[in-house]
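For reference, the structure discussed in these notes is given below.
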Amino acid sequence: MEVPYSLMPWLAVPYRSSMVRSMTDTGEMTEDRGFKALFAAYPRETIEVFAPELLAERGQPLRIDILSQESTLPDLGEPSRFLDIALLASWADGSQVVITLIEHWSAARKVDLRRVLWYSADLALRHPAAAVLPVVLVTEPTTQPVPDRLVMTVAGVTTLALQVRVVQVTPADVPRLRALQNRVAAMLTALVVQDAVEDLVTLLAQMARSPGPVDDLERFLPFAAKLAKLRESDAPRFRRRLEETGMVNVITEMKNEARAKVLAEGVAQGVAQGVAQGHIAAICHSVSKGRMSLDAARAEVQDLLAADIITRIDADAVLAQWG
């Protein structure tokens, strides 16, 4: 069985395919850009991974908004400052909203808590009713300690104290991440690999089992391969393992089923081709299978709209189907 070209861009020539370019827009794919795209596509799953106690205490939020990435500057002559991503969650009972700020560093030595303080303070000023939970994600596989507190003391008086949550994925975290059955958790397992081929096949299987658009398996696979440090010389074995595990058949079946459901429900009319169609098709498929309520589906559509993943026309078209 031949692995589809669209699923395996690095197995074909040229190596840098249109799929890779579409994910990164222009220039080289970076961890920053990959994580921003992933967290924006799956905000609920992101909170489930980085702030599970919020969901344990309050349940699922009514909505999650992806906040502006540009931080306010006191001096307009300074270069712009862009935070990585901030997710504002609110609950149906009107309880306090929480902003989960995630700042990513590829190296522990680069972590700058003063910059995290800047972003946290700016978010708190812009959203006075919200509490801010700052998270520092360090992807470097190192035992070097990462600072998690910034304290200022004057004359024995603590005038400022910032506590951040440091996340460094280790082998001990992999069972929990795999048990979550969500695509953000699956992607993070790529940071801890013993065998890039085997671990990437497992990651792909976990993503296929987890809720989300089928097309995102293609969209994020190049990023997963980058995190897992898959080499081009691994391509033949990776192809064989995909065939042996039946992943190619599973993905093909999922894509065909999702597309058939879209056509049957008439949602395909007016829906853009590409990533937007894949997102909306998967939501409709989940509703039809009873895995997602209409309220949850509407919230997902609003999240996609807020993240500019779909257009207003796309959102109105699918929401009209549900009344």
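The basis for the numbers below is simple: all heavy atoms, side chains too, and nothing from hydrogens, waters or symmetry mates.
- For the residue pair Val132 and Ala124, the shortest heavy atom distance occurs at CG2-N, 4.1 Å.
- No path of Ile, Leu, Val, Met, Phe, Trp and Tyr side chains, each step under 4.5 Å between heavy atoms, connects Val151 with Tyr119, placing them in separate hydrophobic clusters.
- Taking the charged nitrogens against the carboxylate oxygens, Asp32 and Lys36 have no contact shorter than 4.0 Å, which rules out a salt bridge.
- Note on Arg63 versus Asp65: salt bridge recorded, some NZ/NE/NH1/NH2 to OD/OE distance being below 4.0 Å.
- In the hydrophobic clustering of ILVMFWY residues, with side-chain heavy atoms under 4.5 Å counting as a link, Val193 and Leu203 come out apart.
- The shortest side-chain heavy-atom distance between Val184 and Glu48 does not fall under the 4.5 Å cut-off.
- Side-chain contact check for Leu319 versus Val301: some heavy-atom pair is nearer than 4.5 Å.
- A 4.5 Å side-chain heavy-atom check between Val138 and Val167 finds every atom pair outside the cut-off.
- Taking a cutoff of 4.0 Å between a charged side-chain nitrogen and a carboxylate oxygen, Arg183 and Glu45 do not qualify as a salt bridge.
- With respect to Arg237 and Asp195, a salt bridge is recorded, a charged nitrogen being found less than 4.0 Å from a carboxylate O.
- Nearest heavy atoms, Ser120 versus Leu101: OG-CD2, 3.6 Å.
- Between Asp303 and Pro43 the shortest heavy-atom distance is OD2-CG, 4.1 Å.
- Crowding of Arg149 atom CZ: a count of heavy atoms from other residues, nucleotides or ligands under 6.0 Å exceeding 12.
- Ion pairing of Arg44 with Glu300 is present here, as a side-chain N (NZ or NE/NH1/NH2) and a carboxylate O approach within less than 4.0 Å.
- Residues Leu62 and Leu54 are members of separate hydrophobic clusters, defined by side-chain heavy-atom contacts under 4.5 angstrom among Ile, Leu, Val, Met, Phe, Trp and Tyr.
- Proximity of Ile102 to Asp84: side-chain heavy atoms (C-beta onward) are nowhere separated by under 4.5 Å.
- The aromatic rings of Phe50 and Phe39 stand perpendicular to each other, their planes meeting at an angle above 60°, with 30° marking the opposite boundary.
- No side-chain donor-acceptor contact under 3.5 Å links Asp148 to the backbone of Val164.
- Two residues are said to be in side-chain contact when any heavy atoms from C-beta on lie closer than 4.5 Å; Pro134 and Leu162 meet this criterion.
- Rounded to the nearest 0.5 angstrom, Asp295 CG and Gln60 CD are separated by 13.0 Å.
- Looking at Asp216, its side chain never comes within 3.5 Å of a backbone N or O of Arg219 through a donor-acceptor pair.
- Here the side chain of Glu103 pairs no donor or acceptor atom with the backbone of Leu137 at under 3.5 angstrom.
- When all heavy atoms of Ile283 and Ala297 are compared, the closest pair comes out as CG2-CB, 3.7 Å.
- Note: Thr100 OG1 to Arg165 CZ = 8.5 Å, rounded to the nearest 0.5 Å.
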Are Leu123 and Leu88 close enough, and set up right, to give a side chain to side chain contact (heavy atoms under 4.5 Å, CB included), and what steps lead you there? CA-CA 10 Å; Leu123 289 167; Leu88 188 150; over 6 Å; no
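- Across all their heavy atoms, Val197 and Phe238 have their closest contact at CG1-CA, 3.8 Å.
- Under a 3.5 Å cut-off, the side chain of Trp105 and the backbone N or O of Lys110 do form a donor-acceptor pair.
- In this structure, Asp199 contributes its side chain and Ala196 its backbone to no donor-acceptor pair below 3.5 Å.
- Within the 4.5 Å cutoff, the side chain of Val154 has no heavy atoms near those of the Met152 side chain.
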Query - Steps toward side chain to side chain donor-acceptor pair (under 3.5 Å) verdict (Glu31, Thr139) - result: CA-CA 9 Å; Glu31 285 190 5; Thr139 55; 2.7 Å; yes
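- Counting heavy atoms of neighbouring residues, nucleotides and ligands inside a 6.0 Å radius, atom CD of Gln194 does not exceed 12 of them.
- The two residues Ser210 and Asn182 come nearest to each other via the heavy atoms OG-N, 3.4 Å.
- A salt bridge between Arg176 and Asp173 is absent, with no side-chain N of the basic residue lying under 4.0 Å from a carboxylate O of the acidic one.
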Stepwise, does the side chain to side chain contact (heavy atoms under 4.5 Å, CB included) test hold for Ile47 with Ile64?
CA-CA 10 Å; Ile47 291 178; Ile64 301 175; 3.7 Å; yes
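- Under the side chain to side chain contact (heavy atoms under 4.5 Å, CB included) criterion, Ala306 pairs with no residue at all, not counting sequence neighbours.
- Side-chain atoms of Thr153 never come within 3.5 Å of backbone atoms of Gly156 as a donor-acceptor pair (strictly under, hydrogens ignored).
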